[in-house]
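Only heavy atoms go into these numbers, but all of them, side chains included; no hydrogens, no water, no symmetry mates. By convention here, the first residue in the shown sequence is residue 1.
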Amino acid sequence: MADRLTKLNDLLRDEVARAIKAELEEEPNTLITVTGADVSRTLEHATIRISVYPSSKESAALAKLNEKIYDIQQAINRRLKMRPVPKIRF
């Protein structure tokens, strides 16, 4: 099971990064990087870890991500062929 969670963490990290790139309008001079994903053992929830550069724009970037979380979740739901798809949070 641990190997499956590791693979799922990596897959979800990559898919969230793609969804953020597609759904989020890029802020000038701001870089958002998805650094990891932690999926719960029940596969219901996933915590997505991000890094924002410069760090002074961290709160604005997090607010924008939480504003677009529904669109990001929908993009992930369409791309992943598994059920249940973990519900993401940042």
Side-chain angles (χ1 to χ4, degrees):
M1 182 74 165
D3 188 43
R4 180 179 183 205
L5 281 178
T6 303
K7 288 179 182 180
L8 187 57
N9 287 339
D10 293 342
L11 175 67
L12 197 59
R13 180 196 64 217
D14 295 343
E15 291 301 325
V16 169
R18 276 194 197 113
I20 287 174
K21 185 176 180 182
E23 299 293 331
L24 210 62
E25 300 160 6
E26 291 188 24
E27 291 286 323
N29 302 323
T30 303
L31 177 65
I32 299 174
T33 305
V34 179
T35 59
D38 296 317
V39 178
S40 68
R41 294 188 66 73
T42 60
L43 306 180
E44 292 179 13
H45 300 284
T47 302
I48 307 300
R49 290 178 277 132
I50 62 167
S51 172
V52 179
Y53 182 81
S55 60
S56 61
K57 297 190 178 195
E58 182 177 327
S59 60
L62 192 57
K64 190 163 219 163
L65 282 171
N66 283 322
E67 180 181 304
K68 291 284 194 172
I69 197 165
Y70 179 79
D71 297 329
I72 295 168
Q73 182 72 55
Q74 291 303 313
I76 293 167
N77 291 349
R78 284 190 301 272
R79 294 208 27 108
L80 294 183
K81 304 288 187 223
M82 62 174 282
R83 296 295 177 253
V85 175
K87 183 171 170 58
I88 63 170
R89 60 183 169 223
F90 296 100

If you define the side chain from C-beta out and look only at heavy atoms, does anything of Ile20 sit under 4.5 Å from Val34? yes

Please check if Leu5 and Ile76 belong to a single hydrophobic cluster, counting links between Ile, Leu, Val, Met, Phe, Trp and Tyr side chain heavy atoms closer than 4.5 Å. yes

Which of these passes side-chain contact (heavy atoms from CB on, under 4.5 Å) with Tyr70: Lys68, Gln74, Gln73, Glu67? Gln74

Taking only residues at least two apart or on different chains, which pairs with a member in residues 6-24 satisfy salt bridge (Lys or Arg N to Asp or Glu O under 4.0 Å)? Asp3-Lys7, Asp10-Arg13, Glu15-Arg18, Glu15-Arg79

Report yes or no: does Thr35 contribute a side-chain atom to a donor-acceptor pair with the main-chain N or O of Arg49 at less than 3.5 Å? yes

Residues 81-90, side-chain donor-acceptor partners within the protein, below 3.5 Å, at least two apart:
{"from": "Arg89", "atom 1": "NE", "to": "Thr47", "atom 2": "OG1", "distance (Å)": "3.2"}

Pro54 versus Thr30, closest heavy-atom pair with distance: CD-CA, 4.3 Å

Contact between Leu12 and Ile48 at the side-chain level, heavy atoms closer than 4.5 Å - yes or no? yes

Quick one: side chains of residues 55-63, donor-acceptor pairs under 3.5 Å with protein atoms, not counting sequence neighbours, listed by atom name and distance.
none

Dump the intermediate steps for side chain to side chain donor-acceptor pair (under 3.5 Å) on Thr42 and Ser40, then the final yes or no. CA-CA 5 Å; Thr42 60; Ser40 68; 3.3 Å; yes

Main-chain N/O of Val39 paired to Asn9 side chain as donor or acceptor, under 3.5 Å: yes

Can you list the steps and then say if Thr33 with Ile50 is a side chain to side chain contact (heavy atoms under 4.5 Å, CB included)? CA-CA 6 Å; Thr33 305; Ile50 62 167; over 6 Å; no

